[in-house]
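Working notes, beginning with the structure itself.
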Amino acid sequence: MQERSCSDQIKKMEAFSKSFLLCSLVLILYALTRLAYTTWLRPQRLEKLLRQQGIKGRPYKFLHGDVKEMAKMLEKAMSKPITLNHQIIGRVMPFFHEMVQNYGKISLGWMKTTPMLVIADAELVRLLLTDKSGRIVKPPSSSNPLVRLLHRGVESLEGEAWATRRRFITPAFQYEKLKKLVSHQGSFELDVAPEFQVLAGDVIAKTAFGSSYEEGKKIFKLQNEQATLVLEAFYSFYFPGLRFMPTKKNKRRYSIDTQIKTTLRNIIHMKEQALRNGDSDNANDLLSLLLRLKAQADNELTIEDVIEECKLFYFAGQETTANLLTWTLVDLLLNPLPNKES
């Protein structure tokens, strides 16, 4: 009787082992099939369809697409001194500039395994930007979670969600709130780039959060470092689980993210206290508007959403604005207004 029981248990274990092995093989086969479809079969099929429509461009390269070439060309372009004229596309966007030169105003490139159309036709760009059908949407957010550490604010939203959030935060950036008074202190040589960084940061801090550049300096510094790490992750190949590996750069990415969120939570907490106490100073800054929106009963805005919006405006506003102001000033100096007396 005992021998039969042991025999039955052995048979059950053998049956279980066979079932487990079969399931494992099926899962492995599915994963390999999915991998082959995602990284080779689908890109090849899409490339064929696009070329049948007469679109020229670069052929698909396994896994990386054109990402490595983009990074290489950008590094090469940035290593050379910039010429003081308006022909800067070849420097700031060398890959896309070369695409248009080689393949025309509508060309095919590859963002890893995803095809992308490079469109340089002004009229077509206008039609795309003014399209109201809802079929033209933003590119999907990166599948690499390390890239999403930088921010997930209003720019990541679509449709009605974007319109509602954008409409609500617009009053924070009215012209009257952005005017700055500049005093004349004579003539001297000055590197304006870092000055404009501070100016842009101060404007963002005051209009967005009712604070000053000094208070937000730590966040600006951390966001800039995070941007460098995120850019590196974007150009690198990502595989599932990579974000959990305790590499030196992963640890730094998550450390920066924690520091930024902790600092922003403190700013948000102080702002909430000020609003509860009836402090009307800077009551129309971005953070105040977001907290009012969050307080509405029918709104699903969370404290994490507020933090992501703050991260977005700290990152997206300073660098672009400072660079634009710097280049504008250089251009004005190269092209001074004619002397009326002459």
Side-chain angles (χ1 to χ4, degrees), residues 35 38-40 42-43 46-47 57-79 88-100 107-119 137-158 219-261 304 307-323:
L35 181 64
T38 303
T39 61
W40 186 254
R42 181 176 178 272
L46 292 175
E47 181 177 355
R58 297 170 62 91
Y60 170 68
K61 293 180 181 178
F62 185 66
L63 285 181
H64 295 286
D66 294 322
V67 170
K68 285 186 174 181
E69 190 67 18
M70 289 180 195
K72 182 179 178 181
M73 293 177 68
L74 184 60
E75 182 180 4
K76 182 179 178 181
M78 291 297 180
S79 67
I88 62 172
I89 300 299
R91 176 182 173 85
V92 297
M93 304 180 71
F95 176 81
F96 299 103
H97 177 68
E98 186 175 282
M99 286 281 289
V100 174
S107 53
L108 170 65
W110 294 89
M111 186 62 69
K112 297 182 180 178
T113 59
T114 303
M116 62 177 179
L117 286 181
V118 178
I119 300 175
V137 297
K138 299 170 186 174
S141 59
S142 175
S143 59
N144 186 341
L146 297 174
V147 174
R148 296 197 293 270
L149 284 174
L150 192 59
H151 65 77
R152 296 189 297 274
V154 65
E155 58 84 29
S156 64
L157 301 177
E158 283 285 0
I219 298 178
F220 282 117
K221 184 177 179 181
L222 290 171
Q223 278 288 75
N224 286 335
E225 184 182 352
Q226 188 76 293
T228 301
L229 292 170
V230 162
L231 191 63
E232 183 178 314
F234 176 78
Y235 283 123
S236 303
F237 175 68
Y238 179 82
F239 57 86
L242 178 61
R243 60 173 164 159
F244 300 114
M245 296 181 68
T247 64
K248 182 179 179 180
K249 289 185 177 178
N250 274 359
K251 289 180 180 179
R252 184 56 184 161
R253 289 183 180 105
Y254 287 115
S255 174
I256 291 173
D257 189 55
T258 300
Q259 291 180 65
I260 291 173
K261 287 182 176 179
E304 292 300 320
I307 288 174
E308 292 302 327
E309 292 295 349
C310 293
K311 287 166 64 179
L312 168 63
F313 280 96
Y314 265 115
F315 166 71
Q318 187 192 28
E319 192 74 18
T320 51
T321 304
N323 288 343

Seminar exercise, completed: For R252, the side chain to side chain contact (heavy atoms under 4.5 Å, CB included) test, sequence neighbours excluded, returns L222, E225, L229, S255, I256, Q259

Exercise. So, the side chain of K112 versus the backbone of F234: is there a donor-acceptor pair under 3.5 Å, distance only?
Worked result: yes

Problem set entry | Non-hydrogen atoms of L108 and P115 that approach each other most closely | CD1-CB, 3.9 Å

Exercise. Does the side chain of W110 come within less than 4.5 Å of H64's, by heavy atoms?
Worked result: no

Problem set entry | Distance-minimising heavy-atom pair for R58 and E47 | O-OE2, 4.3 Å

Exercise. Does the side chain of I260 come within less than 4.5 Å of Q223's, by heavy atoms?
Worked result: yes

For this session: Grab the two heavy atoms, one from T113 and one from Y60, that are nearest each other, plus how far apart they are.
Result: CG2-OH, 3.4 Å

Exercise. Between D257 and R253, is there a salt bridge with N-O shorter than 4.0 Å?
Worked result: no

Seminar exercise, completed: Between G90 and A77 the two heavy atoms that sit nearest each other are O-CB, 4.0 Å

Problem set entry | Minimum side-chain heavy-atom gap E304-K261 below 4.5 Å | yes

Exercise. Can you find a heavy atom in the side chain of D66 that is under 4.5 Å from one in the side chain of F95?
Worked result: yes

Exercise. Are the side chains of K61 and K68 in touch, meaning some heavy atoms are under 4.5 Å apart?
Worked result: no

For this session: List the steps and the verdict of side chain to side chain contact (heavy atoms under 4.5 Å, CB included) for H97 and M73.
Result: CA-CA 11 Å; H97 177 68; M73 293 177 68; over 6 Å; no

Problem set entry | Donor-acceptor contact below 3.5 Å, side chain S79 vs main chain K76 | yes

Exercise. Mind checking what makes side chain to side chain contact (heavy atoms under 4.5 Å, CB included) contact with V118, not counting sequence neighbours?
Worked result: F96, M99, V100, S107

Exercise. Can you check whether L242's main-chain N or O pairs, donor with acceptor, with N250's side chain at less than 3.5 Å?
Worked result: yes

Exercise. Should K72 and E69 count as an ion pair when the cut-off is N to O under 4.0 Å?
Worked result: no

Exercise. Has R91 got more than 12 heavy atoms of other residues, nucleotides or ligands less than 6.0 Å from its CZ?
Worked result: yes

